[in-house]
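Along the sequence shown, the residues carry numbers beginning at 1.
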Amino acid sequence: MVWVHKTFAELSKQELYDILQTRVDVFVVEQECPYPEIDGRDEACLHIWMEIDEEMVAYCRIVPPEKGEPYHSIGRVLVKEGHRGCGYARQVMDRAIKVLKEDYKVMNIWLHGQEHLRHFYGSFGFKEVSDVYLEDGIPHVDMLMDV
């Protein structure tokens, strides 16, 4: 198992292609949710993924706050089909939280989680700060963690 952390500028063309293809496979195709996966935020993000035998199996990105947003967030958390149920989602979340605490020195971490995963995110200390709402046809909830 290998962990990779890269800014957008550090990504090779192949790594960027693999990230975008994997995100589309999971969030658009598997979840049958046509939405603009390429959202214009990747260039500002730190991309974190786990590789096993040179295959990306789990991924997330750390998103810096935009104008009007007070917090860094963790987004696009995924584990590829065929690798689920092995604890990789927990490991990628632990990794992202550690990076935000130790490298970014944040006081709070934000995420827009799918509603069915709120208990998973809650197990890290995230607390719900919104009602459930639809985003691209999927129920979501905003969550905040005090570090």
Side-chain angles (χ1 to χ4, degrees), residues 1-101 103-104 106 108-126 128-130 132-145:
M1 174 188 327
V2 175
W3 283 102
V4 182
H5 301 189
K6 289 191 176 186
T7 65
F8 186 84
E10 295 169 329
L11 294 172
S12 70
K13 289 178 188 174
Q14 186 62 53
E15 289 168 334
L16 177 59
Y17 181 88
D18 291 346
I19 287 168
L20 296 176
Q21 181 179 28
T22 301
R23 288 183 357 200
V24 167
D25 287 349
V26 172
F27 297 120
V28 178
V29 177
E30 277 185 40
Q31 296 182 1
E32 299 177 1
C33 182
Y35 78 104
E37 171 48 41
I38 300 171
D39 62 0
R41 305 275 320 254
D42 284 311
E43 291 181 70
C45 294
L46 178 68
H47 302 269
I48 298 173
W49 68 91
M50 174 197 295
E51 291 181 353
I52 296 176
D53 297 328
E54 298 182 15
E55 176 190 6
M56 178 190 308
V57 299
Y59 167 89
C60 75
R61 67 181 186 177
I62 293 176
V63 185
E66 276 191 316
K67 287 183 180 178
E69 294 178 344
Y71 311 112
H72 281 75
S73 65
I74 299 172
R76 302 298 199 263
V77 179
L78 66 84
V79 176
K80 286 175 79 169
E81 193 171 31
H83 297 279
R84 296 180 187 145
C86 300
Y88 298 148
R90 180 159 296 283
Q91 290 180 47
V92 79
M93 282 296 296
D94 283 338
R95 175 68 60 146
I97 291 166
K98 180 179 178 181
V99 167
L100 282 163
K101 284 180 178 179
D103 298 345
Y104 288 69
V106 301
N108 306 94
I109 303 170
W110 184 266
L111 64 79
H112 308 281
Q114 291 185 10
E115 190 267 340
H116 74 278
L117 294 170
R118 64 184 173 182
H119 298 295
F120 170 71
Y121 293 125
S123 72
F124 295 94
F126 285 92
E128 296 177 38
V129 294
S130 76
V132 175
Y133 59 91
L134 286 181
E135 183 174 308
D136 301 312
I138 297 175
H140 280 72
V141 64
D142 293 338
M143 302 185 81
L144 186 64
M145 170 196 264

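The minimum heavy-atom distance linking V141 with S130 is given by the pair CG2-O, 3.3 Å. In plain terms, the two heavy atoms of F126 and M143 that are nearest each other are O-CE, 3.6 Å. A pairwise comparison of heavy atoms in M145 and F124 identifies CE-O, 2.6 Å as the closest pair. Residues H47 and F8 approach most closely at CD2-N, 4.1 Å, considering heavy atoms.
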Legend entry - Working for side-chain contact (heavy atoms from CB on, under 4.5 Å), residues H140 and L134: CA-CA 6 Å; H140 280 72; L134 286 181; over 6 Å; no
Inset, instruction - Kindly determine whether I19 and Y59 satisfy side-chain contact (heavy atoms from CB on, under 4.5 Å), including the steps that lead there. - result: CA-CA 8 Å; I19 287 168; Y59 167 89; 3.7 Å; yes
Legend entry - Stepwise side-chain contact (heavy atoms from CB on, under 4.5 Å) check, V2 with V4: CA-CA 7 Å; V2 175; V4 182; 4.3 Å; yes
Inset, instruction - Report the C-alpha separation of V57 and W49 in whole Å, then their side-chain angles, then the decisive distance to 0.1 Å, and conclude whether the side-chain contact (heavy atoms from CB on, under 4.5 Å) test is met. - result: CA-CA 7 Å; V57 299; W49 68 91; over 6 Å; no
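Atom CG in L111 sits 8.5 Å away from atom CG in D142 (nearest 0.5 Å). Expressed to the nearest 0.5 Å, how far CG of L78 lies from CD of E30 amounts to 9.0 Å. For the atom pair R95 CZ and M50 CE, the distance stands at 8.0 Å (nearest 0.5 Å). To the nearest 0.5 Å, atom CG of residue D103 and atom NE2 of residue H5 are 8.0 Å apart. Atoms CG and CD1, from L46 and I48 in turn, are 4.5 Å apart once rounded to the nearest 0.5 Å. Remark: I109 CD1 to Y121 OH distance equals 12.5 Å, nearest 0.5 Å.
Between Q21 and D25, the side chains place no donor N or O within less than 3.5 Å of an acceptor N or O (distance only, hydrogens not considered). With no hydrogens or angles considered, no side-chain donor-acceptor pair links H72 and Y104 at under 3.5 Å. In the model, E135 has no side-chain atom that pairs as donor or acceptor with a side-chain atom of Q114 under 3.5 Å.
Checking K13, E51, M56 one by one against D18, the side chain to side chain contact (heavy atoms under 4.5 Å, CB included) holds for a single residue, M56. A side chain to side chain contact (heavy atoms under 4.5 Å, CB included) with I62 holds for exactly one of T7, V99, I97; it is V99.
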Run the side-chain donor-acceptor check on residues 32-41: report pairs under 3.5 Å with partners two or more places apart or on a different chain.
{"from": "Y35", "atom 1": "OH", "to": "E37", "atom 2": "OE1", "distance (Å)": "2.3"}
{"from": "E37", "atom 1": "OE1", "to": "R76", "atom 2": "NE", "distance (Å)": "3.0"}
{"from": "E37", "atom 1": "OE2", "to": "R23", "atom 2": "NE", "distance (Å)": "2.3"}
{"from": "E37", "atom 1": "OE2", "to": "R23", "atom 2": "NH2", "distance (Å)": "2.7"}
{"from": "E37", "atom 1": "OE2", "to": "R76", "atom 2": "NE", "distance (Å)": "3.1"}
{"from": "D39", "atom 1": "OD1", "to": "R41", "atom 2": "N", "distance (Å)": "3.0"}
{"from": "D39", "atom 1": "OD1", "to": "R61", "atom 2": "NH1", "distance (Å)": "3.3"}
{"from": "D39", "atom 1": "OD2", "to": "R61", "atom 2": "NH2", "distance (Å)": "2.6"}
{"from": "D39", "atom 1": "OD2", "to": "R76", "atom 2": "NH2", "distance (Å)": "3.2"}
{"from": "R41", "atom 1": "NH1", "to": "E66", "atom 2": "OE1", "distance (Å)": "3.4"}
{"from": "R41", "atom 1": "NH2", "to": "P64", "atom 2": "O", "distance (Å)": "2.7"}
{"from": "R41", "atom 1": "NH2", "to": "E69", "atom 2": "OE1", "distance (Å)": "3.4"}

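In the displayed structure, Y17 atom OH is contacted under 6.0 Å by at most 12 heavy atoms of other residues, nucleotides or ligands.
Side chains of F120 and R90 form a contact here, defined as non-hydrogen atoms less than 4.5 Å apart.
Of the possible donor and acceptor atoms, one in the side chain of E15 sits under 3.5 Å from a partner among the backbone N and O of S12.
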